[in-house]
There are 2 protein chains.
Amino acid sequence: MTVTIYDVAREAGVSMATVSRVVNNNPNVKPQTRKKVFEAIERLGYRPNAVARGLASKKTTTVGVVIPDISNAIFAEVARGIEDIANMYHYNIILCNADKRKEKEIRVINTLLEKQVDGLLFMGGVVTDEHMQAFQTATVPIVLCGTNVEGNTMAAVDIDHQQAAHDAVKLLLDKGHRRIGMISGNLQDPNNGFSRYNGYKNALEEAGVAFDESLVRIGNHRYESGIEAMKYFLELPERPTAIFSATDEMAIGAIHAAQDAGLAIPGDISVISVDNSRMASMVRPLLTTVAQPMYDIGAVSMRLLTKLMNKENVEKGKVTLMHEVIQRQSVAEV
Amino acid sequence: MTVTIYDVAREAGVSMATVSRVVNNNPNVKPQTRKKVFEAIERLGYRPNAVARGLASKKTTTVGVVIPDISNAIFAEVARGIEDIANMYHYNIILCNADKRKEKEIRVINTLLEKQVDGLLFMGGVVTDEHMQAFQTATVPIVLCGTNVEGNTMAAVDIDHQQAAHDAVKLLLDKGHRRIGMISGNLQDPNNGFSRYNGYKNALEEAGVAFDESLVRIGNHRYESGIEAMKYFLELPERPTAIFSATDEMAIGAIHAAQDAGLAIPGDISVISVDNSRMASMVRPLLTTVAQPMYDIGAVSMRLLTKLMNKENVEKGKVTLMHEVIQRQSVAEV
DNA sequence: CTGTTAGCGCTTTCAT
DNA sequence: ATGAAAGCGCTAACAG
């Protein structure tokens with residue numbers, strides 16, 4: 001039925017070992033025998049069985065990646081960065097959506113480990129003790145990708161979310177805004193939620209502006225929740241002159257809600273956010289936002305993982321990528 | 001080092017076969033021995049090796065999916081549909097981006113097959129003879145997902161792109177438009193390109209409107225190319241009263257280009273497209289478009305594949321999902 | 001440069 | 001209900 005390395009060996013009149021060598025590009029084969037083997041392979045239509053190879057060599061050249069939701073543009077961009085680099089180093093990726101839900105995350109970590117991935121890229125929500133426990137059963141390297149965890153034990157790559165938020169709010173402050181609303185993500189989410197919220201608070205504090213609880217609305221990162229939040233702000237007796245949104249998508253919702261109410265952006269209200277997803281350049285006015293290098297977060301994570309899998313010495317296990325304020329058209333001086 | 005089924009057997013005082021049985025939920029095990037084995041597993045922290053299992057059983061419970069570009073919102077949505085159903089049937093997916101490039105597509109098909117996936121989901125560009133050749137070397141089922149191919153040999157799920165385009169243009173016609181521009185994708189692309197272009201042409205023909213070559217512009221599916229196309233249309237001596245765009249993203253570019261030029265949508269120009277990506281509801285005016293059920297295309301493909309892998313009898317190998325015109329705000333009567 | 005020989009960790013008849 | 005044993009298809013010493 002299926003042709004094996006043994007069939008090729010017989011066909012070529014050599015041993016399995018020799019076939020294995022030519023398949024694996026081992027230089028220790030006489031060009032002539034190499035040729036014979038290639039011909040036999042061709043003739044028989046031999047295709048190496050990677051599973052058998054994986055069992056024998058204890059390497060599968062596949063890595064697991066757990067991601068919150070591939071249909072989310074931000075994560076999809078990260079995933080592309082991951083896959084490109086994986087590909088470059090001849091790895092394949094097994095992709096699992098876990099929706100930032102603990103049970104699902106832990107379950108997929110375990111099945112990925114059962115499948116003998118050579119490494120694991122984890123992009124999740126909160127990292128609990130149970131996560132750490134699961135990680136510790138692994139005998140392969142793991143890197144956290146855009147995922148925060150207390151302590152310094154694990155390899156990780158991310159941006160400084162708090163600083164990014166801080167910089168966004170700082171820009172508003174510099175433009176003279178003092179009454180600044182925030183549309184936050186869920187505060188349980190360490191990165192997109194809590195850190196960005198803290199960045200907002202401490203930029204305000206630094207500028208001597210009193211924090212006003214009634215000026216922050218919690219959204220769910222989606223467009224509609226941006227709309228809801230802006231509606232709320234517009235009904236305030238004294239409405240903010242600027243809004244800081246934790247994500248682009250909510251910011252765009254906010255912009256549209258304001259425009260729908262007959263207000264001009266940034267004339268009447270300025271809006272800034274963080275992400276710089278592609279949508280930021282697909283709105284009117286163009287969205288001012290702080291760029292988070294999604295693709296690079298994925299690419300750098302994967303590159304780090306390849307080094308770890310290769311047992312190379314890695315100087316710094318934690319890498320923080322730079323964010324950058326992209327000034328476009330949605331922020332004006334007050 | 002690693003604990004194997006043999007270690008568990010020894011620890012539990014049974015044979016490997018018995019351990020294998022309890023791990024695989026084979027009912028032929030006395031509850032008492034089952035318990036003993038579970039305890040041993042627990043005590044030793046045993047984790048079954050899926051690679052070894054795969055070699056022995058010739059099933060890997062993983063399927064390969066080749067996709068053009070996971071960072072594209074449309075495909076990402078399809079991928080989510082695929083993964084959800086895969087998960088439901090206890091499969092994992094190996095995801096490969098191939099950018100609709102033949103060489104890359106064929107390469108990944110082969111590595112996926114080497115990795116002994118139990119099935120393959122192919123989402124690509126043109127399916128050439130070389131593709132067919134690669135497919136024919138497979139001993140596992142393959143389903144084409146959102147990918148067209150002449151002949152009726154392969155399982156496939158998709159929408160009727162030509163009809164979808166036709167329906168979009170028909171709406172414009174029904175609203176009284178006669179001078180209708182089209183922003184097309186690359187005509188080499190069978191689905192998003194050629195089929196939609198044909199739908200446009202034949203809707204026109206049906207309505208007795210002469211086809212005018214100068215009214216179609218080829219874009220690359222991206223926002224910017226929508227902008228370029230609209231600029232072109234606006235400079236025409238007699239500009240169109242409506243535009244049909246092959247994709248939402250180009251449509252949004254077109255809308256913005258018109259608005260930037262001081263024109264009102266749909267007052268001055270109507271715009272319709274096909275896709276109904278999430279962005280369609282994230283523009284002003286809300287985009288009228290014909291909905292393509294991306295998630296379902298993925299989900300149904302994967303479901304079909306599970307049946308095929310399970311050797312179930314499948315009534316129809318080709319399934320065409322329904323599209324639907326979603327009327328929002330970007331089309332007006334002329 | 002090439003061949004021999006053990007496994008890798010599990011499933012799966014076949015007995016019992 | 002359980003065990004023995006033969007592979008699954010390949011890699012990796014080791015010898016020569």
Side-chain angles (χ1 to χ4, degrees), chain A residues 1-38 40-41 44-62 90 111 113-118 139-140, chain B residues 1-38 40-41 44-62 90 110-111 113-118 137 139-140:
Chain A
M1 204 83 295
T2 70
V3 14
T4 75
I5 200 175
Y6 182 74
D7 300 319
V8 176
R10 197 157 26 75
E11 174 83 11
V14 299
S15 71
M16 306 170 39
T18 299
V19 178
S20 176
R21 286 190 188 97
V22 346
V23 168
N24 292 298
N25 262 312
N26 183 320
N28 288 353
V29 181
K30 209 196 305 177
Q32 197 183 118
T33 30
R34 181 183 305 278
K35 182 154 168 293
K36 272 195 312 190
V37 172
F38 271 133
I41 286 176
L44 265 37
Y46 169 66
R47 173 153 36 214
N49 180 325
V51 170
R53 176 182 298 179
L55 182 59
S57 70
K58 295 173 167 304
K59 279 179 184 341
T60 54
T61 62
T62 108
H90 304 296
T111 81
L113 260 16
E114 282 187 9
K115 294 219 169 169
Q116 310 300 120
V117 293
D118 292 339
T139 58
V140 295
Chain B
M1 204 86 293
T2 68
V3 12
T4 76
I5 201 175
Y6 182 73
D7 299 319
V8 176
R10 197 158 26 75
E11 174 82 11
V14 299
S15 71
M16 305 169 42
T18 299
V19 177
S20 177
R21 287 191 187 95
V22 347
V23 168
N24 292 297
N25 264 312
N26 183 319
N28 288 354
V29 181
K30 209 195 308 176
Q32 197 184 118
T33 32
R34 182 183 303 278
K35 182 155 169 291
K36 272 196 311 189
V37 171
F38 272 133
I41 286 177
L44 264 37
Y46 169 67
R47 174 152 37 214
N49 180 327
V51 171
R53 175 181 301 181
L55 182 58
S57 70
K58 296 173 165 307
K59 281 181 184 336
T60 55
T61 62
T62 107
H90 303 297
N110 282 313
T111 81
L113 260 17
E114 284 188 7
K115 294 219 169 171
Q116 310 298 122
V117 292
D118 292 339
T137 65
T139 59
V140 295

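Convention: sequence-line order gives letters A, B, ...; per-chain numbering from 1. Fair warning: this is a prediction, and the values are worked out from it, not measured in the lab. Hydrogens, waters and symmetry mates play no part in the numbers below; they use all other heavy atoms, side chains included.
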Student: Rounded to whole Å, how long is the line connecting atom CD of Glu114(B) with atom C1' of dG9(D)?
Tutor: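 Computing the Glu114(B):CD to dG9(D):C1' distance gives 13 Å.
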Student: Applying a 4.0 Å non-hydrogen cut-off, can you work out what Asn49(B) is touching in the nucleic acid: base, sugar-phosphate, or nothing?
Tutor: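 Asn49(B): backbone/sugar contact only, no base atoms under 4.0 Å.
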Student: Taking N or O atoms only and anything under 3.5 Å, show me the protein contacts with nucleotides 11-14 of chain C, one pair per line.
Tutor:
unit_1	atom_1	unit_2	atom_2	d
dT11(C)	OP1	Asn24(B)	OD1	3.4
dT11(C)	OP1	Asn24(B)	ND2	3.1
dT11(C)	OP1	Arg53(B)	NE	2.8
dT11(C)	OP2	Ser20(B)	OG	2.6
dT11(C)	OP2	Asn24(B)	ND2	3.4

Student: Can you pull the salt bridge (Lys or Arg N to Asp or Glu O under 4.0 Å) pairs that have at least one residue in residues 9-33 of chain A, sequence neighbours excluded?
Tutor: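 Those involving residues 9-33 of chain A are Asp7(A)-Arg10(A), Glu11(A)-Arg43(A).
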Student: Step by step, work out the side chain to side chain contact (heavy atoms under 4.5 Å, CB included) result for Leu113(A) and Val117(A).
Tutor: CA-CA 6 Å; Leu113(A) 260 16; Val117(A) 293; 4.3 Å; yes
Student: Got a sec, which residues hit side chain to side chain contact (heavy atoms under 4.5 Å, CB included) with Lys36(B), two or more places apart in sequence or on another chain?
Tutor: Val14(B), Thr33(B)
Student: Using whole Å, report how far CD of Gln116(B) lies from C1' of dG9(D).
Tutor: 9 Å
Student: Can you sort out the partners of Thr139(B) under side chain to side chain donor-acceptor pair (under 3.5 Å), two or more places apart, ordered by chain and number?
Tutor: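 Here no residue qualifies.
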Student: Please round to the nearest 0.5 Å and tell me the distance separating atom NZ of Lys115(B) and atom OG1 of Thr62(B).
Tutor: 9.0 Å
Student: Say whether, by atom type as modelled, one donor and one acceptor occur between the side chain of Asn26(B) and the main chain of Asn28(B) under 3.5 angstrom.
Tutor: yes
Student: Just the rounded figure in Å: distance from P of dG3(D) to CG of Asn28(B).
Tutor: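 Between P of dG3(D) and CG of Asn28(B): 13 Å.
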Student: Take atom CZ of Arg10(A) and atom C1' of dG3(C), then tell me their distance rounded to the nearest Å.
Tutor: 16 Å
Student: Quickly work out the Asn26(A) CG to dC1(C) P distance and round it to whole Å.
Tutor: 10 Å
Student: Do you know which two heavy atoms are closest between Leu55(B) and Ala52(A), and how far apart they sit?
Tutor: CD1-CB, 3.7 Å
Student: So which heavy atom on Thr60(B) is nearest to which on Gln116(B), and how close?
Tutor: OG1-O, 2.8 Å
Student: Could you tell me whether the phosphate oxygens of dG9(C), OP1 or OP2, come under 4.0 Å of any side-chain nitrogen or oxygen in Thr2(B)?
Tutor: yes
Student: If you look at every strand shown and take non-hydrogen atoms under 4.0 Å, does Val51(B) touch a base, only sugar-phosphate, or nothing?
Tutor: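 If one applies the 4.0 Å heavy-atom cut-off, Val51(B) turns out to touch nothing in the nucleic acid.
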Student: So if I take the C1' atoms of five pairs at each end of the helix from dC1(C)-dG16(D) to dT16(C)-dA1(D) and get each local axis, what angle do the two axes make, rounded to 10 degrees?
Tutor: 30°
Student: Applying side chain to side chain contact (heavy atoms under 4.5 Å, CB included), name anything that partners Lys59(B), two or more places apart in sequence or on another chain.
Tutor: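 Side chain to side chain contact (heavy atoms under 4.5 Å, CB included) check on Lys59(B) returns Ser57(B), Asp118(B).
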Student: Between dC1(C), dA4(D), dC10(D), spot the one nearest the side chain of Ser15(B), thanks.
Tutor: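 Minimum distance to the Ser15(B) side chain belongs to dA4(D).
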Student: Atom NZ of Lys59(A) and atom P of dA12(D): how far apart are they, to the nearest Å?
Tutor: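 For the pair Lys59(A) NZ and dA12(D) P, the rounded distance is 9 Å.
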Student: Measure from CG on Leu55(A) to C1' on dG7(C) and round the result to the nearest Å.
Tutor: 9 Å
Student: Tell me whether the side-chain N/O atoms of Lys58(A) come closer than 4.0 Å to OP1 or OP2 in dG9(C).
Tutor: yes
Student: Within this structure, what is the CD1-to-P distance between Ile41(A) and dG9(D), rounded to whole angstrom?
Tutor: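 Result: 16 Å.
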Student: Is any side-chain nitrogen or oxygen of Thr18(A) closer than 4.0 Å to OP1 or OP2 of dG3(C)?
Tutor: yes
